[in-house]
Each structure stands twice: as C-alpha cells, then as structure tokens.
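One structure is given below, encoded as structure tokens.
As the structure is a computational prediction, the values presented were derived from the model and not from experiment. Below, chain A is the first sequence line, B the second, and so on; all start at residue 1.
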Amino acid sequence: MAPPAAAYERRVLVSAAQHCYLRVRLELPDGAARPGAPQLKQLVVAALRELHGEVGAALPVDVLAYEEKSLCAVLRVISGGLVKLWSALTLQGFYQNRRCAFRVLQVGGGLPSITAVLCVCLAPFFPFLPFLVSNDLT
Amino acid sequence: MSAPLRRLQQAPRHLLVCEKGHARHERSRHAAHVRDHAYNCRVSVLIPECGVLPQVLKSAVADLGEYYVVRGLSVHQLVAHEFVESFVRKGSCYALAYNTRIDQDNTAALLPTGKLILSVDKDTYEELGLQGRPSRYSGKKPMRYIITIDLTDSSFHPDGKKHKRVLWALKEKKPLEFDFLLAWYNSGAEGSTLMSYFSKNQIQALKPKVTFSTLRDLQCPVLQSNELQGKPEESCSTEELFEWLGAVLNQVNLDNVSSSFLSTYCCPQPNTIVDQAFLCTITGFIIPEKIIQLLEQLCCYFGEPKLAQWLTLTVHGFADSPVSWRENEHGFHKGGENLYNFVIFRNLDYWLQMALGTNDDCPP
C-alpha cells in the first residue's frame with residue numbers, strides 16, 4: 001500500500017547551521033609557485049596561527065574544494081570561527097616569501113549559497129565584465 | 001563575555017525555511033512560492049539514477065524563451081504609458097538593473113505585478129523627490145530608501161498628477177539610467193515585442209545557457225518524505241540534504257575520513273551510492289513561469305516507474321536584487337543569498353528549502 005501523502009509542515013531555522021562557507025581566491029604574482037591543496041590548507045592554518053595564535057590555528061577549517069588552475073577554494077569553518085578565519089585570510093600577505101592576497105569572493109551560511117554562477121557570454125555586448133560583480137551573470 | 005569577544009564569535013544570520021507538502025494537494029503552495037520569486041539567475045536539476053536528459057524535460061529545456069539586455073535604459077521609459085499598456089498590463093513583465101550593487105548603488109526593478117521598485121541612496125532620494133520609505137536594514141540614520149510605484153494603479157493614468165510627478169522626477173529632476181535585464185511572458189497573446197519596442201536602444205536578445213553533466217558513483221543521502229528532521233539510522237534531515245546538495249553543485253569531495261588533513265566533510269548517513277546522476281544547469285535571466293513548467297515536468301518524470309527515489313530542483317536568485325519574495329526587501333550584507341530548493345519524491349511529496357541571508361525577511 002502506498003504511504004500517505006505528506007502533511008504540510010513548516011520549520012524556520014535561524015542561524016541553525018553549524019558551519020559557514022567561504023569561496024576565496026588566492027592572488028599571486030606571475031611566476032610564483034602555485035600551491036597544491038595541502039599547501040593551501042597549510043597556508044590557511046599558518047595565517048590563523050599568525051593572527052590568533054595556537055587557539056586560532058586549532059580552528060577546524062576544511063578545504064572542501066580547490067582548483068589549482070584558478071587558485072579558487074571553498075572553505076568551511078564553524079560559524080563561531082568565521083570572523084577569525086576571514087580576518088586571518090585578509091592579513092595574510094606572504095606565501096613562500098612572495099607577496100600574496102586572499103580575495104574572499106562569497107560568504108554564506110549554506111553551501112548552495114556560494115555556488116559560483118557559470119559565466120553567461122555577454123562579453124561581446126559588454127566588453128568589460130568585472131569578476132563576480134553583483135547581478136552579473138558571471 | 002565582553003562585547004569585542006562576543007563580536008569575534010558572531011556569524012551573519014542565515015535563515016533556512018523548510019516546508020513539506022504534497023504537490024497534488026489542492027492547497028499546495030509550491031507554485032505560489034516559485035511565482036513570488038521574480039528574479040532567478042540559475043536553475044539546477046539533479047536526477048539520481050539517470051544518465052541522459054529525460055524525455056519529459058526535453059521540451060521544457062528547449063522552450064526556455066529569451067531574455068533581453070538593454071544598455072543605458074532610462075527608468076522613465078518603463079513608466080511611459082505606452083510601455084505600461086503594451087507590456088505591463090498584458091502579461092508579466094520583468095526588469096532588473098544589471099551590474100549594480102544593492103548596498104552601494106541605485107537599483108531599479110519591475111515586478112510582474114506592475115510595481116516598479118527603486119532602491120536609491122539618500123542623496124538620490126532627496127533629489128528625486130518621490131515618496132518612499134527608509135530601508136529596513138539601513139540602521140539608525142537611513143542611508144537607503146525604497147520607492148515603490150504601482151504602474152497598474154487606477155490613479156496612475158497619463159492625465160493624473162501622480163503620473164506627471166513621477167515622469168517629471170525621473171525625466172527631468174534626477175534622470176536614472178541603468179543597464180537592464182528584461183523578460184516578458186504573455187501566454188501566447190499577439191503584440192509587439194520588447195525587441196521592436198526598444199529598437200532605438202542598444203538591445204540584444206539572449207537565450208539562457210544550458211549545460212548537462214553526468215556524475216558517476218555519487219553518494220546520495222537516504223530521505224523519507226514524511227520526516228523533515230530525519231530519523232537516526234533511517235533517513236537524513238533537510239539541513240543535511242541542503243549541505244550535501246551544495247557539495248554536489250560545488251564539486252566537493254564527499255569521501256573524506258575524519259582524520260584527513262584537507263577536509264573532514266563526508267556525505268550524511270545513511271546514504272546509498274548511485275551509479276550515475278544527471279545534472280542540468282541553466283543560467284540566464286529565468287522567469288518563474290518557465291520554472292513552474294520545469295517543475296511540472298519534473299513531477300511528470302515520476303509518472304513512469306523510475307529507480308530514483310527523489311530529485312532536486314535548485315533555483316538561485318540574484319545577489320543584488322532589491323526584492324526576494326514578493327516585495328520583501330532584500331539586502332546584500334555579506335552574501336546576498338536568496339535561493340530555494342525543491343526535493344520531489346516518487347509519490348510527489350515535496351520538500352522546499354528557502355535560504356536567505358541577514359538583511360532579509362522571512363519568505364511568505
């Protein structure tokens with residue numbers, strides 16, 4: 001016998017997510033060595049240690065996804081650690097003695113929220129398309 | 001705890017509304033939720049146990065319609081009587097300012113209900129001289145104002161004072177000009193098209209971009225349609241599914257161990273491994289009418305026996321849209337998320353998750 005149709009139910013969850021998610025991009029000068037995924041994680045942990053000490057370095061941060069070609073990564077951190085992680089990334093200025101910068105592209109409380117929107121080819125019509133600008137279909 | 005320490009541990013507010021119901025119930029609100037969310041930039045469909053585009057979706061995906069990009073369009077042209085009569089009253093007209101930031105720039109949007117929403121900064125508001133209200137998320141000193149003009153109101157006719165005032169404000173006092181994304185849905189009625197109406201402006205017609213991919217050996221959570229909160233050892237909760245779906249869309253590795261250095265994320269338990277899953281992604285300016293058609297066809301997918309227990313439809317809204325659902329004000333804060341996700345089960349039960357950020361109201 002088929003199960004009965006689901007009754008209507010509504011639940012509202014306010015800040016119930018345990019984690020926050022960030023999409024970041026590492027900017028490096030031309031010719032600098034590109035880090036692999038473990039090196040990137042090491043860099044993030046070093047940044048946390050630099051700013052927030054050993055307690056900061058012990059913050060559970062996951063590198064969920066990493067693309068070496070574009071140096072874009074998706075990071076996951078517990079909600080209470082978002083400010084610490086974001087501030088540590090902002091102030092991280094060096095990778096292997098070369099200047100670097102972390103650009104935080106997207107922040108969200110849910111992982112679907114930081115899905116990078118695929119590029120819509122408006123380039124011939126709009127010659128200048130800044131990366132991931134608002135309302136932009138990039 | 002002192003205030004600075006408390007601030008160190010604060011995260012932006014995240015709102016997740018989860019609903020469950022049955023798609024064929026007479027009072028089901030699933031279509032209403034889709035209709036109320038006017039501006040959508042990305043639609044993703046994930047069907048487990050499926051390798052190619054299903055037959056039921058072929059026509060829906062082929063018939064996504066067109067949207068238009070108009071460069072340097074003055075807002076007063078959207079208020080013009082001819083435009084209102086030709087497009088706003090006859091069908092659903094959608095317009096959204098393109099390339100503007102909701103927390104910094106002025107922005108305009110036209111809803112299918114005929115309401116023109118202008119989200120402007122304090123200086124522009126004072127120069128415009130139109131009546132509006134301060135933004136709900138502006139703080140003690142309002143720096144942002146929202147002006148709503150009902151173009152289909154009976155008192156808004158060309159001879160009326162209201163119309164003359166609005167036209168004067170937008171044409172002479174403080175002309176506002178944006179690049180717009182436009183779309184029009186008129187259920188088959190004949191009439192002029194946006195392309196011919198705006199032929200003097202730089203207008204270009206575009207089609208939404210569709211991509212397909214097949215995912216192999218995907219771990220999928222086990223769900224029970226009646227259990228939104230999940231049952232330990234039996235099914236996953238709606239929050240776990242939401243996170244898992246984000247992982248799939250972001251191509252995150254689902255197979256980590258707790259001692260792994262890089263990532264400890266793994267698929268929620270209990271889960272099954274499916275040989276293949278079909279992922280279809282549509283990007284562009286997609287109107288709710290097309291999404292409702294897609295949703296209906298996805299419900300028809302289970303008309304024949306299928307291996308899949310459920311499938312998902314995820315819709316992302318624009319981060320810088322001035323409204324989220326209906327006329328609820330939407331702010332960017334740190335993320336600007338406004339998205340919703342349907343999980344359709346074999347028996348046509350559905351789960352709906354609506355996610356919003358800090359500067360947002362609870363959706364209806």
Side-chain angles (χ1 to χ4, degrees), chain A residues 2-21 23 37-38 40-42 60 62-67 74 76 78-84 87 106-122 124-126 129-130 133-137, chain B residues 7-22 25 41-42 69 71 96-102 204 206 209 211 225-226 228 239 242-243 245-247 249-253 261-265 281 283-284 314 316 318-321 334-335 337 339 341 347 349 355 357 362:
Chain A
Y8 178 76
E9 187 185 331
R10 180 172 162 118
R11 292 176 68 216
V12 179
L13 303 158
V14 183
S15 297
Q18 288 179 340
H19 297 98
C20 283
Y21 302 87
R23 178 177 293 276
L40 183 87
K41 173 80 188 273
Q42 186 58 37
D62 294 317
V63 177
L64 296 181
Y66 177 61
E67 199 189 326
V74 175
R76 177 176 83 154
I78 55 166
S79 300
L82 174 69
V83 174
K84 281 188 177 165
S87 52
Q106 279 173 302
V107 177
L111 196 40
S113 318
I114 60 158
T115 308
V117 183
L118 296 172
C119 178
V120 166
C121 194
L122 294 175
F125 194 61
F126 290 97
L129 267 184
V133 172
S134 57
N135 279 3
D136 193 356
L137 296 171
Chain B
R7 271 199 291 276
L8 207 56
Q9 298 202 344
Q10 266 174 359
R13 183 193 82 146
H14 174 69
L15 196 63
L16 184 66
V17 178
C18 306
E19 281 191 7
K20 98 170 140 72
H22 187 75
H25 192 279
C41 66
R42 173 177 166 139
V69 182
R71 201 169 183 186
L96 180 67
Y98 176 81
N99 242 0
T100 53
R101 295 173 208 253
I102 189 70
Q204 189 184 12
L206 295 165
K209 186 173 164 194
T211 52
S225 61
N226 261 317
L228 256 190
E239 301 95 82
F242 192 66
E243 195 183 20
L245 189 62
L249 296 177
N250 280 305
Q251 290 141 24
V252 167
N253 183 14
F261 173 64
L262 268 185
S263 166
T264 55
Y265 178 75
T281 308
T283 45
T314 314
H316 285 77
F318 286 91
D320 286 279
S321 160
K334 298 216 168 61
E337 58 196 328
L339 64 109
N341 174 57
N347 62 350
D349 284 344
C362 198

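Only the side chain of A:L82 comes within less than 4.5 Å of a heavy atom in chain B; its backbone stays farther off. With a 4.5 Å cut-off on non-hydrogen atoms, B:L339 touches chain A through its side chain but not through its backbone. Looking at B:E337, only its side chain comes within 4.5 Å of chain A, counting heavy atoms on both sides. The part of A:Y21 that comes within reach of chain B is its side chain, from C-beta onward, which places non-hydrogen atoms under 4.5 angstrom from that chain. Using a 4.5 Å cut-off between heavy atoms, A:E67 makes no contact with chain B at all.
Atom CD of A:Q18 sits in a sparse spot, with 12 or fewer heavy atoms from other residues, nucleotides or ligands closer than 6.0 Å.
With respect to chain B, the highest number of heavy-atom pairs below 4.5 Å among A:C20, A:P60, A:A65, A:S79 belongs to A:S79. Contacts with chain B were tallied for A:P112, A:S15, A:A16, A:S113; A:P112 has the most, counting heavy-atom pairs under 4.5 Å. The candidate with the highest count of non-hydrogen atom pairs below 4.5 Å against chain B, out of A:L40, A:V74, A:L64, A:I78, is A:L64.
Heavy atoms only, all atoms of each residue included: A:I114 and B:N250 are closest at O-OD1, 3.7 Å.
Formation of a donor-acceptor pair under 3.5 Å by the B:K334 side chain with backbone atoms of B:P12 is not found in this model.
With sequence neighbours excluded, the residues that form a side chain to side chain donor-acceptor pair (under 3.5 Å) with A:R11 are B:E239.
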